[in-house]
Protein chains: 2
Amino acid sequence: MKPKLTLKQIARELDVSVSTVSKALRDSVEISEETRLKIKAFAKLYNYKPNNIALSLKNRKTRTIGLVLPEIVHDFFATVISGIEEVANQKGYNVLICLSNNSFDREVMNMEMLANGSTDGFIISVAKETQQKEDYHHLEEVINQGMPIVLVDRVVDQLTCDKVIIDDSEGAKNAVQHLIDSGCKKIAIITTVDYVSVGKLRTDGYLEALTSNNIEIDEDLILKIENVDQSQDEINEFLLTREVDGIFTVNEQFATSAVKAINLKGKSVPEDVLVFSFSDGELSRRFIPSISTVDQHGAAMGAKAAELLIERLENTVEEENFQTALVKTSLIERESSRRIKSSAV
Amino acid sequence: MKPKLTLKQIARELDVSVSTVSKALRDSVEISEETRLKIKAFAKLYNYKPNNIALSLKNRKTRTIGLVLPEIVHDFFATVISGIEEVANQKGYNVLICLSNNSFDREVMNMEMLANGSTDGFIISVAKETQQKEDYHHLEEVINQGMPIVLVDRVVDQLTCDKVIIDDSEGAKNAVQHLIDSGCKKIAIITTVDYVSVGKLRTDGYLEALTSNNIEIDEDLILKIENVDQSQDEINEFLLTREVDGIFTVNEQFATSAVKAINLKGKSVPEDVLVFSFSDGELSRRFIPSISTVDQHGAAMGAKAAELLIERLENTVEEENFQTALVKTSLIERESSRRIKSSAV
DNA sequence: TTGTAAGCGTTATCAG
DNA sequence: CTGATAACGCTTACAA
C-alpha cells in the first residue's frame with residue numbers, strides 16, 4: 001500500500017522546494033525547462049494527482065453540486081439525476097446526492113450538512129412535506145449565504161433563484177385535449193392533493209382543457225389522492241361508481257391502477273375508456289396496454305438545471321438576473337388512448 | 001448576503017484567539033466557563049458551523065462515500081442507492097454519486113476524480129464493459145492506495161475487498177424450481193450474455209434446477225440477449241418458434257417482453273405459460289398479469305454495503321479480513337406464475 | 001485559563 | 001530561475 005503522493009514528498013525526493021514543484025507541474029514559465037521536465041516526469045511516474053480537498057480549501061470552491069431530491073426509486077427523478085450528472089461530469093463537477101424521502105426535517109438536515117463547505121451550490125426538488133408546510137427558511141438561508149440554488153420540478157414560487165420547470169398545466173391540457181379530440185365526453189382526473197405544486201398545476205390544465213371546450217366541470221370526476229402506495233382501492237371505488245369514457249392521471253402509477261379498475265368493471269382500455277397519463281417511464285412503455293403519456297423530459301430538465309447552476313457558479317451570468325427555464329413537454333401516444341371502435345361520438 | 005462565519009471572525013469579534021474559540025466550541029475543560037459560554041452563545045447566535053472542507057483536510061477524512069454505478073434509471077440500482085444513503089446519512093456520511101453508464105472509460109474517470117481526496121472509500125457496481133474487458137486496474141490502484149472498496153452486486157471475484165452479493169444462482173434455482181413444481185415441463189430462460197456476472201449466475205441456477213429435477217437441458221430453450229433495449233423482436237421470434245410452458249427471465253423487462261410474445265402467439269400468461277422473473281420492481285408489481293419475481297432486496301444490499309464500508313473506514317474491523325455478505329433472495333409470487341387451469345400435467 | 005505555532009496540501013506573492 | 005512565506009479554516013500540542 002502506497003499512500004497518496006504529495007507535493008512535499010516530490011519536493012523532498014527531488015531536492016527542490018514545494019513551490020518549485022507546484023509551479024513546474026502547472027507549467028509555469030518561471031521554472032527552467034530542465035527542472036520542469038524532471039519534476040513532471042517524476043510526477044507522472046508516480047502518478048501524482050493533486051488533492052481535491054486541499055484545492056477546495058485554497059480556492060474556496062469544491063466543484064461539487066449538492067443535489068437534494070425527495071426520492072430516487074422513481075423514473076422521473078432518476079432521469080433528472082442522469083441529466084445533471086451528465087452535464088456536471090462533463091464540466092468537471094461532482095454530484096453529491098441526498099434524499100429527503102419527502103421529509104421536511106431530512107431536507108433541512110441534508111442541506112445543512114452540505115452547506116458547510118461541501119458544495120458550491122444546490123439543485124433541489126423540494127419535499128412534499130416542505131411544500132405542505134410552506135417553510136422554506138433553509139433554502140432562503142443558503143441563498144443568503146451566497147450559494148446559488150436551482151429548483152427543479154417541484155419549485156417554490158416565492159424564492160428568488162433559478163428554476164427549471166415544465167409546463168405542467170399545458171402538458172395536462174394537451175393530454176386532456178387529446179382525449180376530447182378522440183371523442184371523450186366524460187373525462188375523470190386522478191391527481192394528487194393540491195399542496196403538491198405539480199399535481200395542482202396538472203389539475204389546472206385538466207380544468208382549462210374542459211373549460212375551453214365548453215365541457216362542464218364535474219367535481220365528482222376529480223379524485224385527489226394523498227398517498228400513491230395505498231391508492232388502488234380508492235381508485236377502484238372511484239371508477240366503479242362513475243361512468244367515464246376518458247381518464248387523465250397525473251402519474252403512471254395512477255394510470256395503471258385506473259386500467260385495473262376499468263378491467264374490474266368488465267370494461268377495457270382503450271376499447272371503452274381512453275387513458276392518458278402524465279410522466280413517461282418504463283412502466284408506461286411496457287404496460288399492456290402501453291400508456292399514452294406526457295413526457296417530462298427529465299434528463300433535459302436535469303441537464304438544464306446543471307447548466308444554470310454552473311453558469312452561476314462560474315459567474316458567466318448577470319447577478320440577480322434569475323431565470324425560469326421552461327422545458328417543453330410532449331405527448332407520446334400509445335395504445336391506451338388510441339380509439340379502436342368508436343364507442344363514443 | 002452574509003458569507004459564512006469562521007473561527008477567525010468569531011475570535012476577532014470577541015477579542016480572543018482562534019484556538020480559544022475552537023476549544024470553547026468543543027467544550028474543552030481548558031476554557032473557563034465564562035468565556036466558553038460567551039463564545040458558544042455568539043456562535044449559536046450567528047449560526048456558526050465548522051467548514052467541512054477544512055475539517056476534511058485536517059483530519060484527512062471526508063466522511064464521504066464515493067458511489068459508482070452503471071446506471072440509475074433502473075429500480076434495482078435506485079433501491080441500492082436508497083439503502084446506502086439511509087445508512088450513510090444516519091452515520092454522518094455523505095454520498096457522492098457517479099454514473100458510469102456502463103462505460104469502462106467513464107468508470108475509470110469517475111474513480112480517478114473521486115480518489116484524489118474527495119472520498120474516504122468506494123461502493124461500486126462495475127460497468128458491463130468493465131466486466132467484459134476484465135480490466136480492473138483502476139480498482140486495484142484505489143485499493144493499493146489504502147482506500148477501502150465494497151463491491152455490490154456486479155462484483156469481481158479476483159479483487160480482495162468486501163463484497164455484497166445475493167445468491168443469484170440460488171434465487172434463480174428457486175424460481176425455476178417453483179415453475180417445475182407448478183407442473184412446467186419445458187422451461188425456457190431469457191438471460192443476458194455471459195460476461196455479465198449476475199446473468200451468468202442466474203443462468204447457472206436455471207441449469208441446476210433443471211438438472212436436479214432430471215430435466216434434460218435443451219440449449220434451444222436458452223436465449224442470451226446483449227442489449228435490453230432492442231430485445232422485444234428477438235424474444236418474439238424466440239418464443240414464437242418454440243413450445244414452452246414456463247419461462248424464467250433474468251430481469252423484469254425480459255419478463256414483460258415474454259408476456260407480450262406469448263400474447264402474440266394467441267396464448268396467455270399464466271393460463272398457458274407461467275413466467276417467473278429475477279429482480280423485483282414497480283414494473284413487475286403493476287404489470288398485468290403481475291409478475292412473480294425473485295426479490296433482490298436492493299435496499300438491504302445497499303445498506304449492508306454502506307455498513308461494511310463504514311466499519312472499515314472507522315477501523316472497527318480487522319484489517320485484511322474481508323467478507324462477502326450474502327443477502328438472501330426471496331420469491332414473490334404473483335399472477336404470472338399462478339397456475340389457473342391445469343393445462344400442463 | 002489563554003494564546004502561539006505547526007500542520008493538513010495547495011497556490012500565490014514576493015524575495016533572493 | 002528558485003525558494004520562503006502566507007494563506008485557505010480548522011485542531012492540537014505546547015507555551016505562557
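As the structure is a computational prediction, the values presented were derived from the model and not from experiment. Numbers restart at 1 for each chain; the letters A, B, ... are given by sequence-line order, proteins then strands. Hydrogens, waters and symmetry mates are skipped; everything else that's a heavy atom, side chains included, is used.
Nearest-nucleotide positions on DNA chain C place A:Y48 closer to the 5' end than the other of A:E30 and A:Y48. Looking at which nucleotide of DNA chain C each of B:A54 and B:E33 is closest to, the 5′-most match is held by B:E33. Projected onto DNA chain D by closest heavy-atom contact, B:K23 and B:K49 fall at different nucleotides, the more 5' of which corresponds to B:K49.
In this structure the side chain of B:K4 reaches within 4.5 angstrom of the side chain of B:K49, judged on heavy atoms. The closest side-chain heavy-atom distance from A:K304 to A:M301 is not below 4.5 Å.
For A:K8 and C:dT10, the NZ to P distance is 10 Å, given to the nearest whole Å. D:dT5 atom P lies 16 Å from atom NZ of A:K58, rounded to whole Å. Between A:L14 atom CG and D:dG3 atom P the separation is 11 Å, expressed in whole Å. Between A:N59 atom CG and D:dA7 atom C1' there is a gap of 12 Å when expressed in whole angstrom units. Between the CD1 atom of A:I39 and the C1' atom of D:dC1 there is a distance of 11 Å, rounded to whole Å. What separates CG of A:L25 from P of C:dT10 is a distance of 9 Å, to the nearest Å. The CG-P distance, from A:D15 to D:dT2, rounds to 13 Å in whole Å. Here the C1' atom of nucleotide D:dT12 and the CG atom of B:L55 are 13 Å apart, to the nearest Å.
No side-chain donor-acceptor contact under 3.5 Å links A:E112 and A:H138. At a cut-off of 3.5 Å, with distance as the only test, a side-chain donor of A:N102 or A:R154 sits close to an acceptor on the other residue. Checked by atom type, the side-chain pair B:T20/B:S17 shows a donor-acceptor distance below 3.5 Å. For the 3.5 Å distance criterion, the side chains of A:S19 and A:S22 fail to qualify, holding no donor opposite an acceptor.
Note on A:S17: a side-chain N or O is less than 4.0 Å away from OP1 or OP2 of D:dG3.
Comparing atom distances between the B:R60 side chain and each of D:dC10, C:dC8, D:dT2 picks out C:dC8 as nearest. Here C:dT2 is the nucleotide among D:dC8, C:dT2, C:dC8 with the atom lying nearest to any side-chain atom of B:I31. Of the candidates D:dG3, C:dG9, D:dT11, the closest approach to any side-chain atom of B:R26 belongs to D:dT11.
A:L7 comes within 4.0 angstrom of a base, heavy atoms only. Residue contacts shown for A:V18 include a base, since a base heavy atom lies under 4.0 Å away. Looking at heavy-atom distances under 4.0 Å, B:S22 makes contact with a base. Nucleic acid contact class of B:T35 (heavy atoms, under 4.0 Å, all strands): sugar-phosphate only. In this structure, A:L57 reaches the bases: a heavy-atom distance under 4.0 Å links it to at least one base atom across the strands shown.
Within 3.5 Å, a donor on the side chain of A:S19 pairs with an acceptor on the base of D:dA4, or the reverse.
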